[in-house]
Peer 1: 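One structure, as structure tokens, below. Some questions next.
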4 protein chains.
Amino acid sequence: MAQLLQAAASVFCTTGYTAASTNAIAREAGVSPGTLYQFFPNKEAIAIELGDRLVHEMRETYGEALAPVEPGTSLEEAVGTAVDRFVDFGCRHPVFFALTHGPDIPGRIAEEHDALHATLLSRVEALLSSFAPDTPAADVARTAQVCLSTYKAGLELVLAHEGAERDAYVRELKHLLVRYLAPMVGEHAASRSVHPWIDTP
Amino acid sequence: MAQLLQAAASVFCTTGYTAASTNAIAREAGVSPGTLYQFFPNKEAIAIELGDRLVHEMRETYGEALAPVEPGTSLEEAVGTAVDRFVDFGCRHPVFFALTHGPDIPGRIAEEHDALHATLLSRVEALLSSFAPDTPAADVARTAQVCLSTYKAGLELVLAHEGAERDAYVRELKHLLVRYLAPMVGEHAASRSVHPWIDTP
Amino acid sequence: MAQLLQAAASVFCTTGYTAASTNAIAREAGVSPGTLYQFFPNKEAIAIELGDRLVHEMRETYGEALAPVEPGTSLEEAVGTAVDRFVDFGCRHPVFFALTHGPDIPGRIAEEHDALHATLLSRVEALLSSFAPDTPAADVARTAQVCLSTYKAGLELVLAHEGAERDAYVRELKHLLVRYLAPMVGEHAASRSVHPWIDTP
Amino acid sequence: MAQLLQAAASVFCTTGYTAASTNAIAREAGVSPGTLYQFFPNKEAIAIELGDRLVHEMRETYGEALAPVEPGTSLEEAVGTAVDRFVDFGCRHPVFFALTHGPDIPGRIAEEHDALHATLLSRVEALLSSFAPDTPAADVARTAQVCLSTYKAGLELVLAHEGAERDAYVRELKHLLVRYLAPMVGEHAASRSVHPWIDTP
DNA sequence: GATGAATGAGGATTCATTCAT
DNA sequence: TATGAATGAATCCTCATTCAT
């Protein structure tokens, strides 16, 4: 079954969900199509189970990565940790993006993913609030959304490169986020090593 | 034919390229399947024609949006214009993203898109170089990549909202980019209203 | 219309009846598909009209070629004339074979062709009877069938070659028929330049 | 699979290759269209497999039928044996002709068939040479071609009849060939029961 | 009369799913 | 339980035919 999920991950990665055939998955897993259907009622269920596991692991990853920071943690540190974890996760599970993007993925996964997104969102919001308690909730929510989107886009870029170049992109992604967030958290993080940012007046 | 392309755009948007059936496109266009095949030799050709038109329009859009800035233009202005154009384009052509993502889109489109990407990239690089002439080429290239990815991700976020909320996201996207780029262009844009950024020492 | 039939002949020749498309015929004729259907109710009708004309011309050709021979005509002369006409006809109308062979031609043509075949058969029978009046009718009929089949097969062989080689095959075809028929007509054609054949005793 | 090939043979026989639909073949075989495609990748492959088997069997048939004759074998015997085998083969495999004629049969089959034709041709040539060693090669080749064509045409005639009538046609076919060849082999077969033929002087 | 875009049933082929072994 | 042949609906695409202009 782990075998099957791994095969599915591999096939989804290379062909996408829609174009992936259950026969191809079974073949990749080295079992017969019939066997596949003794573990999963249909193709969608495979993607859902896969998604569930990813989401679960992601939740754990972020549970730690986005946990409320201890007082005194700098923005750089917080962002750095989160990005590193995110990158690590993305490297270990390239399927995640095959199941995340694309309008042709099963509804259940979309829901699952939305739920994950919402969770992450609230964590990021909490984090942001701890850094900038006075910011209106709507702004925090929006900023969190932007952060998540940026995360994902940046991660794809990171994964598209290797070695030193990958590391360079990781640094850029951190800069991108830190610089974006600095003004918001600036006043409440005067102890940081970055100059306060003067936003559009 | 415009009718068909529009229908195709609509169907590709909702189901993705792979899952889109030519019969569905024909139905959406209000014609019979046979009619569709008098204009396009096959499904791929529809996507390609659609992609060509989008790329063409995108090229024009960017030709103006990313044109070398006149001396004296601020980073904010340059980014603001580019983002506005990009957003406008995205609003008018939501298909663009359906044909851009996904591993199962026809090779021709991928090429076309890669070519477009390369073009945009070199324009952004030129723009960045004009703002920060002393930056090493490799860094400029990487920064341009990050900008483009951020553009795209931000645009999706923008398109997912409407009205005032959309405008707010547009502002955030501009901030995101401006803040990211400010340190790089900082020394050459001392006249700007942003403080120079002190990067990782 | 002659234009259309000619185009049809050409297309039938190259692709066969079944694989020939009415659009291809119309295109070959330089007219629109609609125009084609103002002359013929359907694809079959084209083949039928074509077949009719060929059969008509063939009938005339054979009317003369297989006409009752004047007394004193040798077998060689009779066969030689018939073969020459047949070959000439085949050279001018290569379609004939496209519409003659193959199990996928319309029933009407088959009938037409069968009628032609029957006509030719009775002429050949008459000819044979005039050469060998004492032969039983059943034998004459069978021999006539063999002659016709041999004719056709030989003709295809002839048409497959050109120039001197074609002429050589024409000669062989004549030999084939003359030698086959000689024993049957031998006794009644003692004046011929061939030795009588002593058949299976 | 034998079931499918048999069904295909039957359908090809009645409708010809082009007009034969895979659904019809599947239905004739009593299976679903999908099943057919688990054995053959496409319609052409069915014809090719069928053709291969026929060609293979034909080769064996002819390997024996056209083997170099032992010294002392008469022309009648040689022809008689070959025709009998050919007829037997044709009776058991009427498809052979459906896949042999027609301009729309798959290229692979045409090649296969051409190869077979060439093989048969060289065997017939060898046979003829053994009977008439002094005949120029070009003449032998031509005569062999005529023999093969006559074979095929005669066989179709034979297959079109049954019982005693079929036997009668078989005899006629043998006569046709023996009489055609007698003059050529005459001098070297003086011991035979046929009179030498005096050809065009 | 000529046109040619439109039609839609039909054919080749795929693939998610089932079930007898 | 595992298998893998069988299924058949659905897909892409063709082409004989029609009809508004």
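Every chain is numbered from 1, with letters handed out A, B, ... down the list of sequences.
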Peer 1: Can you sort out the partners of C:Glu57 under salt bridge (charged side-chain N to carboxylate O under 4.0 Å, His left out), two or more places apart, ordered by chain and number?
Peer 2: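 Residues passing salt bridge (charged side-chain N to carboxylate O under 4.0 Å, His left out) with C:Glu57: C:Arg92.
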
Peer 1: Given atom CZ of B:Phe39 and atom P of F:dT14, what is their separation to the nearest angstrom?
Peer 2: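 Going from B:Phe39 (CZ) to F:dT14 (P), I get 16 Å.
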
Peer 1: Fill in the dot-bracket string of DNA chain E, one character per base: . for unpaired, | for a pair to another strand, ( ) or [ ] for pairs within the strand, taking Watson-Crick or G-U pairs under 3.5 Å.
Peer 2: .||||||||||||||||||||

Peer 1: State whether the number of non-hydrogen atoms from other residues, nucleotides or ligands found under 6.0 Å of A:Gln6 atom CD is greater than 12.
Peer 2: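 No, the 6.0 Å shell around CD holds no more than 12 heavy atoms from other groups.
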
Peer 1: Please report, rounded to the nearest Å, how far the C1' atom of F:dC12 is from the OH atom of B:Tyr17.
Peer 2: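 Atom OH in B:Tyr17 sits about 11 Å away from atom C1' in F:dC12.
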
Peer 1: Of all residues at least two apart in sequence or in a different chain, which pass the side chain to side chain donor-acceptor pair (under 3.5 Å) check with B:Arg27?
Peer 2: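 By the side chain to side chain donor-acceptor pair (under 3.5 Å) rule, B:Arg27 matches no residue at all.
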
Peer 1: Could you give all pairs that pass the salt bridge (charged side-chain N to carboxylate O under 4.0 Å, His left out) test and reach residues 37-49 of chain B, with sequence neighbours left out?
Peer 2: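 For residues 37-49 of chain B, and leaving out neighbouring residues, the salt bridge (charged side-chain N to carboxylate O under 4.0 Å, His left out) pairs sorted by first residue read B:Glu49-B:Arg53.
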
Peer 1: From CZ of A:Arg27 over to P of F:dA2, roughly how many Å is that when rounded to an integer?
Peer 2: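 To the nearest whole Å, that distance equals 19 Å.
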
Peer 1: Applying side chain to side chain donor-acceptor pair (under 3.5 Å), name anything that partners D:Thr22, two or more places apart in sequence or on another chain.
Peer 2: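 With sequence neighbours excluded, D:Thr22 shows a side chain to side chain donor-acceptor pair (under 3.5 Å) to no residue whatsoever.
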
Peer 1: What one-letter contact string describes nucleotides 13-21 of chain E from 5' to 3', where B marks a base within less than 4.0 Å of any protein heavy atom, S marks contact via sugar-phosphate atoms alone, and - marks no contact?
Peer 2: BBBBBB---

Peer 1: Are C:Lys152 and C:Glu156 within salt-bridge range, i.e. N to O under 4.0 Å?
Peer 2: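 No, no charged N to carboxylate O under 4.0 Å.
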
Peer 1: Would you check, one step at a time, whether the test side chain to side chain contact (heavy atoms under 4.5 Å, CB included) holds for C:Leu99 with C:His113?
Peer 2: CA-CA 9 Å; C:Leu99 291 179; C:His113 183 260; over 6 Å; no

Peer 1: Pick from A:Phe97, A:Tyr17, A:Phe96: which one makes a ring pair (Phe, Tyr, Trp, His ring centres under 6.0 Å) with A:Phe12?
Peer 2: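 Of A:Phe97, A:Tyr17, A:Phe96, ring pair (Phe, Tyr, Trp, His ring centres under 6.0 Å) with A:Phe12 is met by A:Tyr17 alone.
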
Peer 1: Under 4.0 angstrom, heavy atoms only, what part of the nucleic acid is A:Phe40 near: base, sugar-phosphate, or nothing?
Peer 2: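 No contact.
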
Peer 1: Just the rounded figure in Å: distance from P of F:dT1 to CE of A:Met1.
Peer 2: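 Taking atom P of F:dT1 as the reference, CE of A:Met1 is at 14 Å.
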
Peer 1: Between E:dG8 and B:Ser32, is there an OP1 or OP2 to side-chain N/O distance shorter than 4.0 Å?
Peer 2: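 For B:Ser32, the contact criterion (side-chain N or O under 4.0 Å from OP1 or OP2 of E:dG8) is not met.
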
